[in-house]
Amino acid sequence: MQLGLIGLGRMGGNMRERLRAAGHEVVGYDQNLEVSDAASLAELAEKLAAPRLVWTMVPSGQITEDTINQLAEVLEAGDIIIDGGNSKFTDDAPRAERLAVKGIHYLDVGVSGGVWGIKNGYALMVGGDAAQVEHCKPIFEALKPLGEFGFAHAGTHGAGHYAKMVHNGIEYGLMHAYAEGYEILKASEYVHDVPAVIKSWREGSVVKSWLLDLLDRALDEDPELEALKGYADDTGEGRWTVDEAVRLAVPAHVIAASLFARFQSRQDDSPAMKAVAALRQQFGGHAVKR
């Protein structure tokens, strides 16, 4: 099957290679022309046979909107655009409606797999109409892991990105649970080999997971994590998940706490903790650090 793929960075570039290895023809476009197969979106469209299938893997926000709007000018009725970036789910239905006026179909796909997806496959969560999902199945089958798991037609437009948003919210919580456990082990006077304990959990334990494997790998590379700063950014999905939990009145204690912990990591000297220290000094005469 033929596919146009826009955005050939860490995810998109690996996806291109996995699809080509599966026998699909991929015409890639990137602003870095050294890795691009086309010099422009117009040339990309020219190299694809109708009905065209074009998948975007660019950062969420205005870049995605601009890319899809530009694509709409060079594609034709019957073509399909897939957004595989981390767009907010509320953007998808309006996009689908705008494209439908031109006769262009639209799917939103949540993609998980990171830099390991080229080898292990990508978990795919798709939103959109069943006919277009079925048309794109050969591409989805090539990208997903082997076996029965790794793919879901989650629902209508927006469902793919919604599912990926919740997936990433869960990821926040899982990562922070491992991080807290690591810190407790590291602070303990009883445990002398924290990396060995983490490694012991990788098999036979109810907390085994790919994330745990990656923590073990990181500790193999740097047993004290000395090369890293305790700072964690967020790309939006955790915030959106908490927003949805509030909207739906769903208690999401772990996800919310892990999101706020990331905010705290960005403060060299937390104003809130300064206030806590001041209050403890005022009511109990507790010592403070200056």
Side-chain angles (χ1 to χ4, degrees), residues 9-15 17-18 21 59 86 110-125 143-150 163-239 241-242 252-270 272-274 276-277 289:
R10 288 173 298 177
M11 288 279 282
N14 283 349
M15 289 169 63
E17 296 312 306
R18 184 174 174 89
N86 285 327
V111 182
S112 180
V115 297
W116 298 89
I118 187 173
K119 176 183 177 182
N120 299 334
Y122 301 87
L124 305 174
M125 300 140 268
L143 288 172
K144 67 178 283 295
L146 295 175
E148 62 179 307
F149 303 117
K164 179 61 176 2
M165 171 193 73
V166 176
H167 165 283
N168 282 21
I170 293 169
E171 180 185 291
Y172 277 42
L174 289 172
M175 284 194 291
H176 206 72
Y178 286 130
E180 289 179 352
Y182 166 77
E183 184 170 354
I184 293 168
L185 289 169
K186 200 168 185 304
S188 170
E189 71 274 27
Y190 293 99
V191 177
H192 299 154
D193 192 342
V194 175
V197 173
I198 298 297
K199 203 174 289 291
S200 77
W201 294 348
R202 288 188 58 172
E203 293 297 340
S205 165
V206 296
V207 300
K208 65 178 289 188
S209 76
W210 185 36
L211 284 173
L212 182 68
D213 295 346
L214 294 177
L215 177 58
D216 179 43
R217 183 173 182 267
L219 291 171
D220 280 345
E221 295 173 356
D222 183 359
E224 298 295 327
L225 301 181
E226 292 177 326
L228 302 176
K229 184 178 179 182
Y231 176 101
D233 212 338
D234 74 288
T235 54
E237 295 91 340
R239 302 184 191 213
T241 306
V242 172
H253 307 290
V254 172
I255 295 174
S258 63
L259 174 65
F260 295 148
R262 292 199 183 192
F263 296 161
Q264 187 176 17
S265 78
R266 300 167 204 175
Q267 298 176 325
D268 292 330
D269 195 8
S270 167
M273 293 313 297
K274 285 185 178 182
V276 169
K289 292 185 178 181

Novice: Whether Arg18 engages the ring of Tyr122 as a cation-pi pair (distance to the six-membered ring centre under 6.0 angstrom, angle to the ring normal within 45°) should be assessed.
Specialist: no
Novice: Would you check if the side chain of Ser188 reaches a backbone N or O of Ile184 as a donor-acceptor pair within less than 3.5 Å?
Specialist: no
Novice: Could you grab the distance from atom CH2 of Trp116 to atom CG of Asn14, nearest 0.5 Å is fine?
Specialist: 11.5 Å
Novice: Between atom CE of Met11 and atom CD1 of Ile118, what is the distance when rounded to the nearest 0.5 Å?
Specialist: 11.5 Å
Novice: Is there a donor-acceptor pair under 3.5 Å between the side chain of Lys164 and the backbone N or O of Val111?
Specialist: yes
Novice: Would you indicate whether Trp210, at its atom CH2, is surrounded by more than 12 heavy atoms from other residues, nucleotides or ligands within a distance under 6.0 Å?
Specialist: yes
Novice: With sequence neighbours left out, write down each residue that passes side-chain contact (heavy atoms from CB on, under 4.5 Å) with Asp233, or none if nothing qualifies.
Specialist: Tyr231, Arg266
Novice: My understanding is that only residues two or more places apart in sequence, or in another chain, count here; which of them pass side-chain hydrogen bond (donor to acceptor under 3.5 Å, both in side chains) with Ser112?
Specialist: His167
Novice: So, the side chain of Asp222 versus the backbone of Ala227: is there a donor-acceptor pair under 3.5 Å, distance only?
Specialist: yes
Novice: Would you say CD of Gln267 has more than 12 non-hydrogen atoms from neighbouring residues, nucleotides or ligands within 6.0 angstrom?
Specialist: yes
Novice: Can you measure from CG (Leu259) to OG1 (Thr241) and round to the nearest 0.5 angstrom?
Specialist: 9.0 Å
Novice: Can you see which heavy atom on Asp234 is nearest to which on Tyr172, and at what distance?
Specialist: CB-OH, 3.1 Å
Novice: Please check if atom CG in Leu228 has more than 12 non-hydrogen atoms from other residues, nucleotides or ligands closer than 6.0 Å.
Specialist: yes
Novice: Closest approach of Ala123 and Pro145, non-hydrogen atoms and distance?
Specialist: N-CD, 4.4 Å
Novice: To the nearest 0.5 Å, tell me how far His176 NE2 sits from Phe260 CZ.
Specialist: 12.5 Å
Novice: Hey, are Ser209 and Tyr178 close enough side-chain-wise for a donor-acceptor pair under 3.5 Å?
Specialist: yes
Novice: Are more than 12 heavy atoms from other residues, nucleotides or ligands located less than 6.0 Å from atom CD of Glu221?
Specialist: yes
Novice: Using 0.5 Å steps for rounding, measure from the CD atom of Glu183 to the CG atom of Leu225.
Specialist: 11.0 Å
Novice: Just jot down the side-chain contact (heavy atoms from CB on, under 4.5 Å) partners of Ile198, sequence neighbours excluded, or say none.
Specialist: Leu185, Val194, Trp201, Leu212, Leu215, Asp216, Leu219
